[in-house]
Amino acid sequence: MDQPPRQRRDGRAGFTLVEVMVVVAILGMMFQLVVPNLQRDIPETNLRSTANRLTSILTYLRDEARLQGGEYGLELDPKNRRFRIVLPPEQRKVELGEEAPKAFPLTWMFFDEGVALEAVHIGDKEPRKDEQTRIVFDSRGATAPKVLWLATKTEPPVQMSILVPALAGRIESRKGQVQFPTATDLDF
């Protein structure tokens, strides 16, 4: 018995080569648009992350200085893009002839990739750029007013500032290079 010839179905399964090439071309164009935008956003995200981390650490150190009644600090090393917490010396009496205990620095932590500490502005003095600086909170949580200027290493650089008020107030980070507010005759 003769077999009937195979019949083609009207709806074919699968894709043609032209359809696959069109989809690949569209994906390639989308990739070209998305990747540069992601690369631009990563340094800014790292900058925000570093600013938030430093703000949290400085707030913690101020709170601990008040609660524990000791000097807590943060040492900044802009050249090597790193910082570390400095704990107060051990609280014990020193015997005659014995060396007084020194402040105890913890291990260095590094800034996020692509982020640098541009300068530390302390009160009315010129900003310190490439020198190590220590922010110390006394037993009342007081320190000289400071502003830390952070920036990305991109062109143009994105900048953030961390404001550390002298006695009270919230330690906060703001976008841009912010100057520490100074009092004028109109404030009184």
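The chain is numbered in sequence order, starting from 1.
Closest of all the heavy-atom pairs between Ala151 and Pro157 is CB-CB, 4.5 Å. Shown here for Ala166 and Pro145, the closest heavy-atom pair between the two residues is CB-CD, 3.9 Å. The two residues Thr143 and Pro165 come nearest to each other via the heavy atoms CG2-O, 4.0 Å. The two residues Met160 and Leu47 come nearest to each other via the heavy atoms CG-CD2, 3.6 Å. Across every non-hydrogen atom of Pro43 and Thr152, the tightest pair is O-CG2, 3.5 Å.
Formation of a donor-acceptor pair under 3.5 Å by the Trp149 side chain with backbone atoms of Gly176 is not found in this model. Between the side chain of Ser139 and the backbone N or O of Gly69 there is no donor-acceptor pair closer than 3.5 Å. The backbone N or O of Thr16 lies less than 3.5 Å from a partner atom in the side chain of Glu19, making a donor-acceptor pair.
Here Arg82 contributes atom CZ and Leu76 contributes atom CG; the two are 11.5 Å apart, rounded to the nearest 0.5 Å. We find the CD1-CD1 distance between Ile122 and Ile135 to be 7.5 Å, quoted to the nearest 0.5 Å. Rounded to the nearest 0.5 angstrom, Ser49 OG and Glu113 CD are separated by 12.5 Å. Ile57 CD1 to Ile162 CD1: the interatomic distance, rounded to the nearest 0.5 Å, is 9.5 Å. How far CZ of Arg48 is from OG1 of Thr55: 13.0 Å, rounded to the nearest 0.5 Å. Atoms NZ and CZ, on Lys153 and Arg81 in that order, are 4.5 Å from each other to the nearest 0.5 Å.
Residues meeting the salt bridge (charged side-chain N to carboxylate O under 4.0 Å, His left out) test with Glu172, sequence neighbours left out: Arg170, Arg174. Applying the side chain to side chain donor-acceptor pair (under 3.5 Å) rule to Lys175 yields the partners Glu44; only residues at least two apart in sequence or on another chain are considered. Residues satisfying the salt bridge (charged side-chain N to carboxylate O under 4.0 Å, His left out) test with Lys79, not counting sequence neighbours, are none. When the ring pair (Phe, Tyr, Trp, His ring centres under 6.0 Å) test is applied to Phe83, the partners found at least two apart in sequence or on another chain are Phe111. In this structure, Glu118 has no salt bridge (charged side-chain N to carboxylate O under 4.0 Å, His left out) partners at least two apart in sequence or on a different chain.
Leu117 and Trp108 fall into different hydrophobic clusters, where Ile, Leu, Val, Met, Phe, Trp and Tyr residues are linked whenever their side-chain heavy atoms come under 4.5 Å apart, directly or through other members. Neither Leu61 nor Val86 shares a network with the other; the hydrophobic side chains, linked directly or stepwise wherever heavy atoms of I, L, V, M, F, W or Y lie under 4.5 Å apart, form separate groups for each. Hydrophobic clustering places Leu58 together with Leu106 (ILVMFWY residues linked when any side-chain heavy atoms are closer than 4.5 Å, directly or through intermediates). Follow the hydrophobic side-chain contacts under 4.5 Å out from Met109 and you reach Val164 in the same cluster. Grouping the Ile, Leu, Val, Met, Phe, Trp and Tyr side chains by contacts below 4.5 angstrom, directly or via other members, places Leu54 with Val115.
Residues Leu74 and Arg134 form no side-chain contact, since every pair of their non-hydrogen atoms from C-beta on lies 4.5 Å or further apart. Taking 4.5 Å as the limit, every side-chain heavy atom of Leu163 sits out of range of all side-chain heavy atoms of Ile171. With a 4.5 Å cut-off on side-chain heavy atoms, Thr50 and Leu150 count as touching. You'll find the side chain of Glu75 reaches within 4.5 Å of the side chain of Gln132, heavy atoms only.
Listed by first and then second residue, the ring-ring contact (aromatic ring centres under 6.0 Å, His included) pairs involving residues 150-171 amount to none (not counting sequence neighbours). The stretch residues 48-82 participates, sequence neighbours left out, in no ring-ring contact (aromatic ring centres under 6.0 Å, His included) pair at all. Annotation: side chain to side chain donor-acceptor pair (under 3.5 Å) contacts involving residues 22-31, sequence neighbours excluded, are absent. For the salt bridge (charged side-chain N to carboxylate O under 4.0 Å, His left out) condition, the pairs that include at least one residue of residues 51-70, sequence neighbours left out, are Arg53-Asp112.
Other members of the cluster containing Leu17 are Met21, with ILVMFWY side chains joined at under 4.5 Å, either directly or via other members. The hydrophobic cluster containing Phe15, built from Ile/Leu/Val/Met/Phe/Trp/Tyr side-chain heavy atoms closer than 4.5 Å, also comprises Val20, Val24. Other residues sharing a hydrophobic cluster with Leu27 under the 4.5 Å side-chain heavy-atom criterion for ILVMFWY residues are Val23.
Taking a 6.0 Å sphere around NZ of Lys129, one finds it holds 12 or fewer heavy atoms contributed by other residues, nucleotides or ligands.
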